[in-house]
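Letters A, B, ... mirror the listed sequences (proteins, then strands); counts begin at 1.
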Amino acid sequence: MNRGSLTEMLHCTDMTVLERQRARLKWQQQDQFHQQQQPEEEEDEVEERSGYFSELSGVFSGQSHVSQVPGFDGGAAAGNSMIGPVKPDPGSENGWSEMVKILVPGFGFPGFEANFSISRTASCPPLAAAAEVKDKMSGAAASGRESFKKRKLDKIQNTKVVVEDEIRDKRLKGCTEEGDSKITDQNNNNSNNNNNNRENSDNNSKENSKVSDVQKPDYIHVRARRGQATDSHSLAERVRREKISERMKYLQDLVPGCNKITGKAGMLDEIINYVQSLQRQVEFLSMKLAAVNPRLDFNIDNFFAKEVFPACPPANFPTIGMSSEMNTNPAYLHHQFNPLQQQQIVSCSGIEMVINPPDMGLRRTISAPVSIPETFLDSSCFTQLQHLLPSSTTWDADLQNFYSLPFDQDRSTTFPSHQPFTGSIEASNLKMEM
Amino acid sequence: MRAPISLKQKFLKKWISGLQLCSTCSKNMSILERKKSIKLSADIAMASARNGRTCWSLALIANASKNDKDKLLVEHILGNSEFQRLNKISIMRPTMSNKRVRCKKILKRSCGTIRRVSKRVVPPKILASCVAKRLSTKRTQVLKSLVPGGEFMDDVSLIEETLDYIMSLQTQIDIMRSLANATELVLSRKNEQW
């Protein structure tokens with residue numbers, strides 16, 4: 001399903017580059033995710049998460065139906081252990097928003113092991129679970145356990161979350177911060193999960209706003225860690241910076257040699273250089289084209305005129321080393337028995353990109369009488385555009401191969417030394433560069 | 001990542017039609033004139049292949065249509081209705097952001113004196129971050145001058161546009177190179193035969 005959507009996206013021109021890259025990233029991550037985890041486990045987790053969020057709102061509003069679902073006990077307890085240090089005041093906006101910010105990164109991630117292992121082990125029989133948990137984790141897990149027990153007490157008493165113990169507070173702070181740093185590490189790797197996270201936090205904020213009857217502004221999907229400023233200006237600034245760094249990452253992928261550079265200034269340097277080089281290349285190529293073509297007509301009619309002729313006798317068929325990428329291409333696989341046909345497809349696909357079939361028919365009839373002698377000349381030598389079949393069914397063959405098809409080395413060596421244009425010498429040099 | 005095929009097709013179709021117009025308009029040009037018209041038509045074709053979704057393409061089209069002679073070419077490549085639509089968008093945008101630029105200039109002038117005073121007391125840590133910031137802003141300015149219409153963009157959209165611009169330039173170069181190779185080959189073979 002992912003593959004299908006991806007190809008769909010790839011064929012859509014109207015998307016911006018950014019969207020396309022995002023789609024690709026998303027696809028890759030989903031692929032990885034599927035490889036890492038068993039499908040049923042994943043479903044379980046999704047259920048657990050969604051269930052958890054709904055349960056969470058229940059806990060906050062004072063109704064304790066957490067106990068009805070034993071599997072969620074641990075999760076809820078761990079969540080509360082993270083809430084603990086915040087000391088939320090349900091009436092105040094800041095308390096809630098901050099809580100959401102801390103909570104959501106912890107539980108939005110499927111791969112966040114600490115929390116999930118707590119929740120899983122907690123749902124086991126208590127004694128074995130305790131042993132396991134203590135084996136696995138030291139401080140964090142223990143604090144999770146403690147608060148879990150405490151949470152049960154709270155549930156029975158039907159009270160709000162209040163953490164009195166200062167020492168536990170500090171420990172929990174450590175726990176949450178550790179979790180947070182882990183999350184930021186993961187964040188760098190997968191922006192997809194980040195998006196999920198934001199959606200989750202949006203949902204959560206909606207629930208919370210229902211509970212507290214306060215309408216939230218839209219900055220809720222910003223995560224503020226402890227100690228970070230929460231006023232609107234610095235939040236907006238942080239969002240801006242995050243956006244920039246995200247885009248920078250995409251740019252890093254796109255610009256060659258940009259992977260090793262850290263720091264914005266160096267990266268911008270590299271990008272500037274790359275853009276400049278691309279622009280210079282465009283200049284150069286247009287210069288080259290101007291030099292090659294004295295009359296600006298680009299022989300396009302000639303390319304198409306060859307279509308008129310059926311395949312030439314295979315006697316003067318030149319041997320072209322088929323590149324391996326062509327052989328692996330599924331479009332060519334069923335044609336592989338006949339190398340002649342293969343080439344026809346290549347040349348067809350090379351030509352098809354210029355003008356639509358109806359156009360082509362018109363062109364053919366117009367240019368046919370004029371260019372007959374020329375095409376005979378060309379067809380014996382210009383191997384790429386040789387032997388065209390009039391069949392339009394093969395026109396859909398992969399266009400890309402026209403570009404990936406390496407022009408043969410010997411052809412560039414047969415470049416005539418006495419060219420009428422000075423620019424063509426440069427052109428042959430260009431070939432050497434590339 | 002490679003550009004999708006349909007983008008290439010679109011670009012090539014538009015470019016070829018632009019080139020044909022160029023060749024019919026003026027028969028004997030110097031090599032520089034030819035180069036200029038080839039580049040212009042390629043740029044406009046690329047910009048129009050993006051369907052006016054990005055700022056840089058709009059800015060490029062707007063810049064090109066300032067010149068009367070080039071305006072014809074732009075109109076031809078884009079098609080009439082498309083040209084009208086894009087013109088409307090591109091006229092609206094720069095005028096709005098022109099004001100912003102002027103405001104920034106005034107702001108800079110007024111802020112300059114304040115900054116000088118505060119510099120004396122700056123501790124080294126903040127100074128370092130100041131230097132880093134200045135470095136990146138300088139480069140951002142350069143990048144803005146490189147990307148068409150970059151003067152009117154903020155940082156986030158500038159980077160987005162740069163992404164898009166780089167991708168389109170890559171496709172453009174790809175196609176130009178293959179066309180150059182093809183024409184060159186045809187030409188060389190012809191010369192050989194004679």
Side-chain angles (χ1 to χ4, degrees), chain A residues 10-14 16-18 20-21 24 240 243-244 247-248 250-251 254-255 264-265 268-269 271-272 274-276 278-279 281-283 285-293 295-300 302 353-355 377-378 381-382 384 399-400 402-403 407 411 414-416 423-424 427, chain B residues 1-2 4-10 12-13 16 19 22-23 27 29 31 34-35 37-39 42 49 51 53-54 132 135-136 139-140 142-143 146-147 155-156 159-160 162-167 169-170 172-174 176-193:
Chain A
L10 282 179
H11 288 298
C12 178
T13 27
D14 293 344
T16 62
V17 178
L18 197 75
R20 249 183 281 134
Q21 289 226 345
R24 192 177 61 134
R240 193 182 134 269
K243 263 189 196 165
I244 287 178
R247 265 88 170 161
M248 278 296 209
Y250 292 130
L251 265 178
L254 203 63
V255 178
K264 201 183 167 194
L268 280 173
D269 258 345
I271 290 161
I272 287 165
Y274 190 57
V275 170
Q276 270 177 337
L278 284 177
Q279 282 175 342
Q281 245 174 320
V282 169
E283 292 262 334
L285 280 169
S286 51
M287 192 74 188
K288 186 183 170 186
L289 280 170
V292 169
N293 295 42
R295 285 166 295 113
L296 260 188
D297 63 348
F298 286 96
N299 288 341
I300 294 144
N302 289 345
M353 66 198 168
V354 186
I355 284 163
L377 280 178
D378 285 344
C381 53
F382 189 51
Q384 293 300 317
L399 180 61
Q400 210 97 27
F402 181 67
Y403 299 106
F407 282 91
R411 240 177 277 139
T414 55
F415 201 85
S424 50
Chain B
M1 200 173 107
R2 295 190 80 101
I5 293 157
S6 46
L7 181 66
K8 281 186 174 180
Q9 274 173 317
K10 226 172 172 181
L12 192 55
K13 211 192 274 178
I16 295 296
L19 283 177
C22 282
S23 61
K27 283 291 171 197
M29 292 188 280
I31 188 167
R34 245 181 289 140
K35 177 230 155 189
S37 63
I38 288 171
K39 186 175 178 291
N51 271 342
R53 287 203 154 212
T54 49
L135 280 176
S136 72
R139 278 156 180 83
T140 316
V142 177
L143 193 63
L146 282 178
V147 178
D155 278 7
V156 178
I159 290 173
E160 261 172 52
T162 316
L163 255 172
D164 201 274
Y165 186 55
I166 286 175
M167 281 295 293
L169 274 180
Q170 279 172 347
Q172 194 177 333
I173 286 167
D174 219 12
M176 284 177 97
R177 187 175 296 153
S178 52
L179 187 66
N181 279 341
T183 47
E184 202 174 74
L185 282 174
V186 170
L187 212 74
S188 67
R189 293 291 167 166
K190 245 187 242 170
N191 287 345
E192 241 171 46
Q193 293 283 322

Check [X] against [Y] and note the closest heavy-atom contact, atom names and distance.
X	Y	value
Leu135(B)	Ala265(A)	CB-CB, 4.2 Å
Ile159(B)	Arg247(A)	CG2-CB, 3.3 Å
Met176(B)	Leu285(A)	CB-CD1, 3.8 Å

When rounded to the nearest 0.5 angstrom, what distance separates [atom1] in [X] from [atom2] in [Y]?
X	Y	atom1	atom2	result
Ile166(B)	Leu254(A)	CD1	CG	5.5 Å
Thr162(B)	Met248(A)	OG1	CE	8.5 Å
Asp269(A)	Arg139(B)	CG	CZ	4.0 Å
Gln170(B)	Tyr274(A)	CD	OH	3.5 Å

Exercise. Can Glu283(A) and Lys35(B) be said to form a side chain to side chain contact (heavy atoms under 4.5 Å, CB included), step by step?
Worked result: CA-CA 8 Å; Glu283(A) 292 262 334; Lys35(B) 177 230 155 189; 2.7 Å; yes
For this session: Evaluate the side chain to side chain contact (heavy atoms under 4.5 Å, CB included) criterion for residues Leu289(A) and Lys39(B): first the C-alpha distance (whole Å), next the side-chain angles of each, then the deciding distance (0.1 Å), finally the verdict.
Result: CA-CA 10 Å; Leu289(A) 280 170; Lys39(B) 186 175 178 291; over 6 Å; no
Exercise. Checking heavy atoms, do the side chain of Ala180(B), its backbone, both or neither come under 4.5 Å from chain A?
Worked result: both
Exercise. Crowded around Lys264(A) NZ? As in, over 12 foreign heavy atoms under 6.0 Å?
Worked result: yes
Exercise. Which one, Ile271(A), Val255(A), Val282(A), Val275(A), leads in non-hydrogen pairs under 4.5 Å with chain B?
Worked result: Val282(A)
Exercise. Is there a side-chain contact between Lys288(A) and Leu179(B) (heavy atoms, below 4.5 Å)?
Worked result: no
